[in-house]
Amino acid sequence: MKEQLQKQLSAILAELQYPSVDVNFDKPKVDAHGDLTTNVAMVLAKSVGKNPRQVAQSIVEKLSINDSFLSSVEIAGPGFINFRFSNGYVVESAKKILSQYSSFGKSNIANGKKTNLEWVSANPTGLLHAGHGRQVLLGQVIGNLLEWTGHTVTREYYFNNAGNQMRTLAESIYSRYRQELGDEYPFPEEGYKGEYIVDIAKEIIALKGDSLKEGDTERSFFKNYGEEWCFKRIKETLARLDVKHDVFYNEDSLYKSGKIAEVIEELKKKDLAYDSEGAVWFRATKFGADKDRVIVKSTGEPTYRLPDIAYHREKFRRGFDLIVDIFGADHIATIPDVLNGVQALGYETKDVKVIIHQMVSFVNGEEIVKMSKRNAKTYTLDDLIDEVGVDAVAYFFVMRSVGTHLEFDIALAKEQSDKNPVYYLQYAHARIASILRHAATDGIAVNDISSMLSNTDFSLVKEKEEIDLLKKLLEFPEIVESCASSFEPHRLTTYLREVAETFHRFYHEHRVINDDKQLMQARLTVCLMTKIVIANGCKILSVSCPEKM
RNA sequence: GCAUCCGUAGCUCAACUGGAUAGAGCAUCAGACUUCGAAUCUGAGGGUUGGGGGUUCAAAUCCCUCCGGGUGCACCA
C-alpha cells in the first residue's frame with residue numbers, strides 16, 4: 001500500500017518536473033489527519049518557488065485514487081497530504097492476522113544476518129542483584145526482536161574466571177571459612193561482603209571440615225567452588241526469566257589460544273602500541289582519546305581492555321555480521337577503548353552496536369529502596385522475582401527507553417489492579433479468552449482458523465471502534481521492525497498498552513456475544529485478531545498472557 | 001575539571017528520530033454495570049518541553065551557552 005503510493009507520487013513529481021526527493025510517509029498522531037501523511041509538498045516548496053499548499057494541490061490533482069484502498073485524500077495544515085484508508089481495505093488486510101497467526105509480526109528483513117548478542121556477562125563472583133534485571137530483560141527482548149526480524153542470533157555470555165576478581169572471591173570465602181571455624185582471621189580489604197560468601201564457606205565446611213585450613217595456598221579449591229556456586233545461581237536466576245545463552249565465552253580461552261599475545265604483537269607492528277615505564281600502552285590518542293591507555297600492566301598482567309579488544313576481534317573472525325553489546329552506564333568508559341581497538345585491528349565499528357542503558361532505582365511506593373553494596377544484605381534479582389513475579393519483572397524492566405533512568409516501583413509491580421500496566425495488558429487477553437470460551441459454547445469454532453476465515457462475513461466489521469482496533473493491530477509488524485532496528489523495546493510495551501486500550505473501548509461499545517450469529521462471528525474474529533497480537537507481543541516481551549486471571 | 005546520558009503535567013514516563021492542537025498512565029474531580037470479565041469505559045482540570053540564543057517553511061527533537069541531576073574518568077572489571 002505504502003509502496004504503491006510512493007511509486008505513484010514519485011512518478012507525479014517527475015511528471016511535474018519537480019526535483020526528485022524521497023517521499024516519506026508518517027502516521028499522523030491525530031485521527032483527524034488520516035492514516036498516512038506525507039510532507040513532500042513542504043520539502044519541495046522552497047526549491048520549486050511556490051507555497052507548499054499549491055505544490056500539494058498540483059500533486060493531488062494528478063493523483064488517481066483507487067477507492068477500494070483510499071476513502072479520502074486531503075491537503076491540510078501547512079501543506080501535508082493526508083490519506084485515509086477505506087474500511088474495506090483495512091478489514092481485508094486484517095485477515096492476514098488470522099492466517100499468519102503466531103507468526104504475525106515476523107519478518108525476514110535482516111535476511112538471516114549472523115548476529116552476536118552479548119549481555120549480562122557478570123563474572124561469577126556473586127549473585128545477580130535486582131539492578132541487573134534491566135540488562136537481563138533488555139537483552140532478552142532485544143534478542144527476541146532480532147529473531148522476529150530475521151536475524152540469526154547467537155546469545156552470548158562473556159566471563160572471566162581468572163583475574164583479580166576471582167582471587168578476591170577466593171580470599172573472601174577462605175576468610176569466612178576460617179571465621180566459621182572459629183578462627184580470628186582478617187577479611188580482605190576489598191572482599192565481597194555479601195551473606196552468600198558465608199553460605200559458601202559453610203558448605204565447604206560441611207564438605208571438607210577444616211582440612212583446607214592449610215595446604216591450599218593458591219586457594220584454588222575456594223576459587224573453583226565459589227565460581228561454580230555463583231554460576232549455578234546466576235544461571236538459575238536467568239532460567240526463571242526464560243533467558244538462555246547459547247555460548248558462555250571464557251576470557252581465559254583468549255590467553256590459552258594466544259589471541260591476546262597476537263593482538264599486542266599486531267598493534268605494535270602497526271605502531272599503535274608501545275612500551276613505556278614497564279607497561280604496554282595503546283595509542284588511544286590516535287583515535288581521539290585524551291590520553292593513551294595501558295593494556296599490559298608493569299606486572300605483566302593485561303588490563304581489561306586488551307582481552308575485550310581481542311574478544312571483539314574474535315567475534316568478527318567467527319563470522320558475525322552484526323555485533324551487539326549491552327552495557328550499563330557504569331561501563332561506559334570501556335566502550336571507546338574497545339571500539340578503537342577494533343578499528344585499530346582493521347574492522348568496521350559500524351558493525352558493532354553498543355547499547356548503553358541507564359541505571360535503575362527502586363522504590364516501594366513512597367519509600368526509596370537502598371541497595372548499597374557495603375551492606376551485607378543485597379537485594380538480589382531473585383528476591384525481586386519472588387516479590388513481584390516474573391511477568392512484572394519482565395515488563396517493568398523494558399517499559400522505559402534505555403536512555404533514561406528507570407524507576408522501578410515494587411509496590412506497583414506487585415499490585416493486582418488497574419494501576420499496574422502488566423495486569424491491564426493481561427486482563428485484555430484474559431477477557432478475550434473468556435469471550436471466546438463463551439462463543440465455543442455457542443458452537444462457533446473459534447479454534448479453527450480456516451473455517452473462521454471462510455465462514456465469516458467480514459463486511460459486518462464496520463463500526464468505528466472495530467476499524468480503529470484493526471488499524472492498530474495492523475501496525476504490529478512495523479512496531480516490531482522499528483523496535484528491532486532502533487534497539488528500543490520500550491515502544492512495544494507502549495504499543496501493547498494502546499492495543500489493550502483500543503480493544504477495551506471496542507468491547508465497551510459493541511456486544512460480541514449476540515443473537516445475530518453472523519454479526520457475532522464477525523466480531524469474534526476481531527477479538528481473535530486482538531488476542532493474537534497481544535499474545536505475539538507478550539511472547540517477545542517474555543511476559544505470559546493467561547487465559548484466565 | 002573532562003566524557004557521557006538526562007531535564008517534558010503534581011508523580012512516573014511517551015512523542016514513530018525535524019512535522020500539524022506536545023500525549024499516556026497514576027493521582028484529583030464528575031459520570032457509566034439487570035447483559036459477553038467494572039482488573040473496564042466516558043468526560044474534566046492540569047504545560048513558557050530547565051533558562052537564553054541560533055539553524056528553517058516547521059524544533060521537545062539539531063547547534064551554541066548557562067543552570068540542575070545521574071554515571072564514568074586506575075597499571076580495577
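These figures come from a predicted structure and were not determined experimentally. Just so it is clear, the values below take in all heavy atoms, side chains as well, and ignore hydrogens, waters and symmetry mates. Order of the sequence lines sets the chain letters (A, B, ...), proteins ahead of strands, with each chain counted from 1.
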Does U17(B) fall in syn (glycosidic angle within 90° of 0) or anti?
syn

Considering only nitrogen or oxygen atoms on both sides, find all protein atoms under 3.5 Å from nucleotides 56-61 of chain B and state each distance.
{"unit_1": "C57(B)", "atom_1": "OP1", "unit_2": "Lys46(A)", "atom_2": "NZ", "d": "3.2"}
{"unit_1": "C57(B)", "atom_1": "OP2", "unit_2": "Lys46(A)", "atom_2": "NZ", "d": "3.0"}

For the pair Phe231(A) and Phe159(A), name the ring-plane relationship: parallel under 30°, tilted 30 to 60°, perpendicular over 60°.
perpendicular

Indicate, with a heavy-atom threshold strictly under 4.0 Å, whether Met399(A) touches base, sugar-phosphate, or nothing.
nothing

Closest heavy-atom contact between Asn364(A) and Ala411(A)?
OD1-CB, 3.2 Å

Of all heavy-atom pairs linking Lys223(A) and Asn161(A), the shortest is NZ-O, 2.7 Å

Could you check Thr38(A) against Ser417(A) and say which one's nearest nucleotide on RNA chain B is further toward the 5' end?
Thr38(A)

Identify, between Arg400(A) and Ala32(A), the residue whose nearest nucleotide on RNA chain B lies closer to the 5' end.
Arg400(A)

Short side-chain N/O contact from Ser401(A) to OP1 or OP2 of A14(B), under 4.0 Å
yes

Syn versus anti for C33(B), judged by chi lying within 90° of 0?
syn

Is the base of G72(B) stacked against the aromatic ring of His331(A), taking ring centres under 5.5 Å apart and planes under 30° as the test?
no

Sub-4.5 Å side-chain heavy-atom contact between Arg497(A) and Met399(A):
no

Looking only at heavy atoms, what is the nearest atom pair of Thr493(A) and Tyr395(A), with distance?
O-OH, 3.5 Å

Mind running a 4.0 Å heavy-atom check of residues 306-313 of chain A against RNA chain B and sending the residues that fall below it, in number order?
none

Ring centres under 6.0 Å, that's the criterion: do Phe287(A) and Phe282(A) meet it?
yes

Give a yes or no answer on whether the side chain of Asp442(A) reaches the backbone of Ile444(A) with a donor-acceptor pair at less than 3.5 Å.
no

Ring-base stacking, Phe80(A) with G19(B) (5.5 Å, 30° cut-offs):
no

Note, Val360(A) side chain near Phe397(A) side chain (heavy atom, < 4.5 Å):
yes

Tyr427(A) side chain, from C-beta outward: closest of A77(B), G37(B), G70(B):
G37(B)

Scan Ala333(A) against the nucleic acid and name what it touches under 4.0 Å (heavy atoms): base, sugar-phosphate only, or nothing.
sugar-phosphate

With a non-hydrogen cut-off below 4.0 angstrom, is Glu407(A) in contact with a base, only sugar-phosphate, or nothing?
sugar-phosphate

Before giving the answer on salt bridge (charged side-chain N to carboxylate O under 4.0 Å, His left out), spell out for Lys27(A) and Glu478(A) the whole-Å C-alpha distance, their side-chain angles and the decisive distance to 0.1 Å.
CA-CA 11 Å; Lys27(A) 203 184 85 61; Glu478(A) 281 174 50; over 6 Å; no

Give a yes or no on whether a salt bridge exists between Asp31(A) and Lys471(A), defined as a side-chain N under 4.0 angstrom from a carboxylate O.
no

Using atom CG of Asp31(A) as one end and atom P of A20(B) as the other, report the distance to the nearest whole Å.
15 Å

Kindly say whether Ser544(A) contributes a backbone atom to a donor-acceptor pair with the side chain of Asp391(A) at under 3.5 angstrom?
yes

On the ring face of Tyr507(A), is Arg431(A) found with NZ or CZ under 6.0 Å from the centre and within 45° of the axis?
yes

So Glu465(A), base contact, sugar-phosphate only, or nothing? Heavy-atom distance under 4.0 Å.
nothing

Using whole Å, what does the distance between atom C1' of nucleotide A77(B) and atom CD1 of Ile335(A) come to?
13 Å

For Ala430(A), which contact category applies under a 4.0 Å heavy-atom criterion: base, sugar-phosphate, or nothing?
base

So His132(A) and His129(A), would you call those rings parallel, tilted or perpendicular, with 30° and 60° as cut-offs?
tilted

Counting C-beta onward and ignoring hydrogens, is there a side-chain heavy-atom pair between Lys259(A) and Tyr311(A) closer than 4.5 Å?
no

Euclidean distance, atom CD of residue Glu367(A) to atom C1' of C11(B) [Å, nearest integer]:
17 Å

Can you identify which nucleotide, out of A14(B), A39(B), C75(B), has its nearest atom closest to the His490(A) side chain?
A14(B)

Answer yes or no: side-chain N or O of Thr494(A) and base N or O of A15(B) forming a donor-acceptor pair under 3.5 Å.
no

Side chain of Ile332(A) only, please: which of G72(B), C41(B), A20(B) is the nearest?
G72(B)

Would you tabulate the nitrogen or oxygen pairs shorter than 3.5 Å linking the protein to nucleotides 31-36 of chain B?
{"unit_1": "U35(B)", "atom_1": "O2'", "unit_2": "Arg511(A)", "atom_2": "NH1", "d": "3.2"}
{"unit_1": "U35(B)", "atom_1": "O2'", "unit_2": "Arg511(A)", "atom_2": "NH2", "d": "3.4"}
{"unit_1": "U35(B)", "atom_1": "O2", "unit_2": "Arg511(A)", "atom_2": "NH1", "d": "3.1"}
{"unit_1": "C36(B)", "atom_1": "O4'", "unit_2": "Arg511(A)", "atom_2": "NH2", "d": "3.4"}
{"unit_1": "C36(B)", "atom_1": "O2", "unit_2": "Val512(A)", "atom_2": "N", "d": "3.1"}
{"unit_1": "C36(B)", "atom_1": "O2", "unit_2": "Ile513(A)", "atom_2": "N", "d": "2.6"}
{"unit_1": "C36(B)", "atom_1": "N3", "unit_2": "Val512(A)", "atom_2": "N", "d": "3.1"}
{"unit_1": "C36(B)", "atom_1": "N4", "unit_2": "Tyr507(A)", "atom_2": "O", "d": "2.5"}
{"unit_1": "C36(B)", "atom_1": "N4", "unit_2": "His510(A)", "atom_2": "O", "d": "3.3"}

Between the base of A20(B) and the side chain of Asn82(A), is one N or O donor paired with an acceptor at under 3.5 angstrom?
yes

Please state whether the base of C75(B) and the side chain of Thr303(A) form at least one donor-acceptor pair under 3.5 Å?
no

Flag the pair Ser93(A) / Phe85(A) as yes when at least one side-chain heavy-atom distance between them is below 4.5 Å, and no otherwise.
no

Separation of C76(B) atom C1' from Glu301(A) atom CD, nearest Å, is 11 Å

The reported gap from OG in Ser486(A) to CD1 in Ile142(A) (rounded to nearest 0.5 angstrom) is 9.0 Å

Contacts of Asp275(A) that satisfy salt bridge (charged side-chain N to carboxylate O under 4.0 Å, His left out) - sequence neighbours left out
Lys268(A)

Mind listing the N/O atom pairs, protein and nucleotides 24-30 of chain B, below 3.5 Å?
{"unit_1": "G25(B)", "atom_1": "OP1", "unit_2": "Glu501(A)", "atom_2": "OE2", "d": "3.4"}

Once the angle between the rings of Tyr495(A) and Phe476(A) is folded into 0 to 90°, is it parallel (under 30°), tilted (30 to 60°) or perpendicular (over 60°)?
parallel

Identify whether any heavy atom of Asp337(A) sits under 4.0 Å from a base atom; if not, whether one sits that close to sugar-phosphate; answer base, sugar-phosphate or nothing.
nothing

Stem list, RNA chain B (Watson-Crick or G-U pairing under 3.5 Å, at least 3 consecutive pairs):
B:1-7 with B:67-73, B:10-13 with B:23-26, B:28-32 with B:40-44, B:50-54 with B:62-66

